[in-house]
Amino acid sequence: MTTKDIGPKNPVQKGAEATIDYVDDRSGIKTGTRWFLFRNIPAGTSWFQTLGFTAMVVFGMQAITGIILAMYYVPDTQGGAYKSIEHITNEVTWGWLVRGMHKWGASVMIIVVFLHMARVFIWGAYKYPRELTWVTGSFLLLLTMFMGLTGYLLVWDQKAYWATVVAVNIFASAPILGPYIGDILRAGPEFGPSTLSRFYSIHMLVIPGAIATFIGLHLYFIVRLGISEPPWSKRRLRIERDEEDARRAAAREKAKALPGSANYPASWPVEAKEAAR
Amino acid sequence: MKPADKKAYDKDYSNAKKTGKPFFPYAIYKDTIIAGLTVIAIIILAITIRVEVGEPVNPATTDFIPRPEWYFYFAFELLKIFKNQDALTPVIMATFMVPNIMIILLVVWPFIDRGPERRIWKRPFALGLTVIVTGLLCYLTWMGANSPSGVASAGIPVSGLDEQATKGMAVFMANGCTSCHMVAGVGAPGPGPDLTQEGAKGWDNAKMIAWFKAPKAPMPSYASLPPQELEDLATFVNGLGTKYK
């Protein structure tokens, strides 16, 4: 239906606008969206600054594939866990693909998070005022590593089992707190059925919750403080060139007053020239 | 950073923002392209290199290869470097000191490096650190990827074995001890120490069996082995380098 300039508004449009206004009055959603989406960022923002967003998208993909896997996975040490992994891989429609994406996604996420950190480090982007953005990000890196550690056990095959036994022993060997951490991870003094349930719960509830929280904080800091400008953006290079030119000009001015230069006053007496040398 | 530097930075950044562009769509389109390509890469990897289903867990037969995911190879290799109990390379360096120092440094780094300079070629220390840490991580990961996961061998080339020690060697082989320990050139060079001269310590069997049941991390416990096998194993290990050479 075509709308005309004059005449009453389409009731559907009117209703939609009224609804948006109603929600906006109570939540400030319009202002919030504008604050988030239409904030200005430095013009030189580079392709290297897409890695953080990419890490977040891969985390989202891990969440979706993880939810699908959880629909079929059984955390049972009496063969159930292993059988359910076999079932997902061999029988469930597209199951092999979802599991493959989850497994490869973990590796890719580690790489992307590491590259993101390297970019921030090399650019000095963690410096004032973005120190806390770095701190929240470093926790995200550690949580991502823990995600890999806890997820590895869930497939319940020999390689994963023994690697995790060794990893938990390493945690348990730490001074003072070590034995307690070991007991918490194992759900008791020995590896057993409760250990698998515990790792499953840590892997799919505790750490994802923590990661989501830290992503929220991380994003809040990024939007509030602004994304860092590349230290060699066109604008920065122009400023540095101008500063360099000004410095050179000042040096030239200074040189004029020195003996031996073309502008050195020839009318000065020879003795004064000698003394100046 | 001095207050004046902070002020100068704030002013410079607000100028950059004023002459900048809106986040939507100028940054989000780049983000979407790279993130999209990454997801496509993951799907291609998942299709071309299928994930396998490994051997089911069997805690009773400890014939295992303790290999972590590739992104923990560096930690695994660290265990091989610091695997001894001596003062120079104590195992606690790999299991506790080095990882925790690295984690603390990582988290508090912005409060250590507070200089105003952001260009990497004017921050030689940070540049050196980037190169050294990245290089070390790559090197250790590469080492981990190429490390032998327990050298397969019918037996260990030691002579003078009596009947009990022969049984003990069979237990040693069957339980994957060689995937962490080397004896007379057989087995992986770590994370566990070389046991070729283990008998020189002069332990008795009771002490060795107590160790098998409750060893120091990262070695797993072998308390589930039958008492006779533990006895044979202890006899074999306690004679290495002395009775059985």
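All figures in this text were calculated on a predicted structure; none of them were measured in a lab. Convention: sequence-line order gives letters A, B, ...; per-chain numbering from 1.
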Does the side chain of A:Val57 reach to within under 4.5 Å of the side chain of B:Asp31, using non-hydrogen atoms?
-> no
Can you say whether A:Met145 sits under 4.5 Å from chain B via the side chain, the backbone, both, or neither, judging by heavy atoms?
-> both
Given A:Phe53, which of B:Ile34, B:Ile28, B:Thr38 fulfils the side chain to side chain contact (heavy atoms under 4.5 Å, CB included) condition?
-> B:Ile28
Stepwise, does the side chain to side chain contact (heavy atoms under 4.5 Å, CB included) test hold for A:Phe121 with B:Leu129?
-> CA-CA 10 Å; A:Phe121 189 86; B:Leu129 204 66; 4.0 Å; yes
Check whether any side-chain heavy atom of B:Glu52 sits under 4.5 Å from a side-chain heavy atom of A:Thr89, and report yes or no.
-> no
Is it the side chain or the backbone of A:Leu132 that comes within 4.5 Å of chain B heavy atoms, both, or neither?
-> side chain
Heavy-atom distance under 4.5 Å to chain B: side chain of A:Gln62, backbone, both or neither?
-> neither
Contact class of A:Leu225 relative to chain B, heavy atoms under 4.5 angstrom | backbone
Within a strict 4.5 Å, meaning less than it, do heavy atoms of the A:Trp96 and B:Val51 side chains meet?
-> no
Applying a strict 4.5 Å limit to non-hydrogen atoms, the region of A:Val155 in contact with chain B is neither
Interface check, chain B: of A:Val108, A:Val165, A:Val112, most non-hydrogen pairs under 4.5 Å belong to A:Val108
Sort B:Met219 into side chain, backbone, both or neither according to what part of it lies under 4.5 angstrom from a heavy atom of chain A.
-> backbone
Pair A:Phe36 + B:Phe24: ring centers closer than 6.0 Å | no
Answer yes or no: are there more than 12 heavy-atom neighbours, outside B:Arg50 itself, under 6.0 Å from its atom CZ?
-> yes
Heavy-atom distance under 4.5 Å to chain A: side chain of B:Ile49, backbone, both or neither?
-> both
Would the number of heavy atoms belonging to other residues, nucleotides or ligands and lying under 6.0 Å from CH2 of A:Trp94 be above 12?
-> no
In sequence, state the C-alpha distance, the side-chain angles, and the governing distance for A:Met101 and B:Ile43, and then conclude on side chain to side chain contact (heavy atoms under 4.5 Å, CB included).
-> CA-CA 6 Å; A:Met101 281 171 72; B:Ile43 294 173; 3.7 Å; yes
For A:Leu141, is it the side chain, the backbone, both, or neither that has a heavy atom closer than 4.5 Å to a heavy atom of chain B?
-> side chain
In terms of heavy-atom pairs under 4.5 Å, which option from A:Trp134, A:Phe191, A:Phe114 contacts chain B the most?
-> A:Trp134
Could you tell me which non-hydrogen atom of A:Gly100 sits nearest to which non-hydrogen atom of B:Ala46, and how far apart they are?
-> C-CB, 3.5 Å
Identify which of B:Ile120, B:Thr19, B:Ile42, B:Thr134 forms the greatest number of heavy-atom pairs closer than 4.5 Å to chain A.
-> B:Ile42
Verify side chain to side chain contact (heavy atoms under 4.5 Å, CB included) between A:Phe171 and B:Phe96, making sure each step is shown before the conclusion.
-> CA-CA 8 Å; A:Phe171 281 108; B:Phe96 187 74; over 6 Å; no
Derivation and outcome, side chain to side chain contact (heavy atoms under 4.5 Å, CB included), residues A:Trp104 and B:Ile44 | CA-CA 10 Å; A:Trp104 280 107; B:Ile44 291 173; over 6 Å; no
Pick whichever of A:Thr54, A:Asn169, A:Asn40 has the most heavy-atom pairs under 4.5 Å with chain B.
-> A:Asn40
Are any of the side-chain nitrogens in A:Lys159 or B:Glu69 under 4.0 Å away from the carboxylate oxygens of its partner?
-> no
Bottom line for B:Asn100: the part with an atom under 4.5 Å from chain A's heavy atoms is neither
When only pairs under 4.5 Å are counted, which of A:Glu86, A:Gln49, A:Met56, A:Arg99 shares the most heavy-atom pairs with chain B?
-> A:Arg99
Non-hydrogen atoms of chain A under 4.5 Å away: do they reach the side chain of B:Arg119, the backbone, both or neither?
-> both
Can you find a pair of side-chain heavy atoms, one from B:Phe111 and one from A:Val135, that are under 4.5 Å apart?
-> yes
Might you point out which heavy atoms bring B:Phe72 and A:Leu149 nearest each other, and give the distance in Å?
-> CE1-N, 3.8 Å
Measure A:Ile110 against the heavy atoms of chain B and call it side chain, backbone, both or neither at under 4.5 Å.
-> side chain
Note: vs chain B, highest number of non-hydrogen pairs under 4.5 angstrom among A:Ile227, A:Thr164, A:Ile239 is A:Ile227
Here the gap from A:Tyr126 atom OH to B:Trp109 atom CH2, rounded to the nearest 0.5 Å, amounts to 5.5 Å
Decide if atom OH of B:Tyr139 counts as having more than 12 heavy atoms of other residues, nucleotides or ligands within a radius under 6.0 Å.
-> no
Toward chain B, the part of A:Ala174 with a non-hydrogen atom under 4.5 Å = both
Note: vs chain A, highest number of non-hydrogen pairs under 4.5 angstrom among B:Val107, B:Val108, B:Leu137, B:Thr95 is B:Val107
Do A:Trp156 and B:Pro56 come within less than 4.5 Å of each other through their side chains, counting heavy atoms only?
-> no
Below 4.5 Å from any heavy atom of chain B, which atoms of A:Lys103 appear? Answer side chain, backbone, both or neither.
-> side chain
Which bit of B:Asp5 is near chain A, if near means a heavy-atom gap under 4.5 Å: side chain, backbone, both or neither?
-> neither
Tell me, out of A:Arg39, A:Glu229, A:Lys83, who's got the most heavy-atom pairs with chain B below 4.5 Å.
-> A:Arg39
Under the 6.0 Å and 45° cation-pi test, does B:Arg118 pair with A:Trp123?
-> no
Interface moiety of B:Ile33 toward chain A, non-hydrogen atoms closer than 4.5 Å | side chain
For the pair A:Tyr128 and B:Tyr9, name the ring-plane relationship: parallel under 30°, tilted 30 to 60°, perpendicular over 60°.
-> perpendicular
Test the A:Arg236-B:Tyr13 pair against the cation-pi criterion, namely NZ or CZ under 6.0 angstrom from the six-membered ring centroid and within 45° of the ring axis.
-> no
Test item: A:Lys127 side-chain N/O and B:Gly115 main-chain N/O as donor-acceptor pair under 3.5 Å | yes
Can you tell which of B:Arg114, B:Lys17, B:Arg123, B:Met97 has the highest number of heavy-atom pairs within less than 4.5 Å of chain A?
-> B:Arg123
Check whether more than 12 heavy atoms from other residues, nucleotides or ligands sit under 6.0 Å from atom CD of A:Glu240, and answer yes or no.
-> yes
Has B:Ile112 got more than 12 heavy atoms of other residues, nucleotides or ligands less than 6.0 Å from its CD1?
-> yes
Using non-hydrogen atoms and a 4.5 Å limit, figure out which bit of A:Leu97 sits close to chain B: side chain, backbone, both or neither.
-> both
For B:Trp70, does the CH2 atom have more than 12 heavy-atom neighbours from other residues, nucleotides or ligands under 6.0 Å away?
-> yes
Who among B:Glu55, B:Lys18, B:Lys30 has the most heavy-atom pairs with chain A under 4.5 Å?
-> B:Lys30
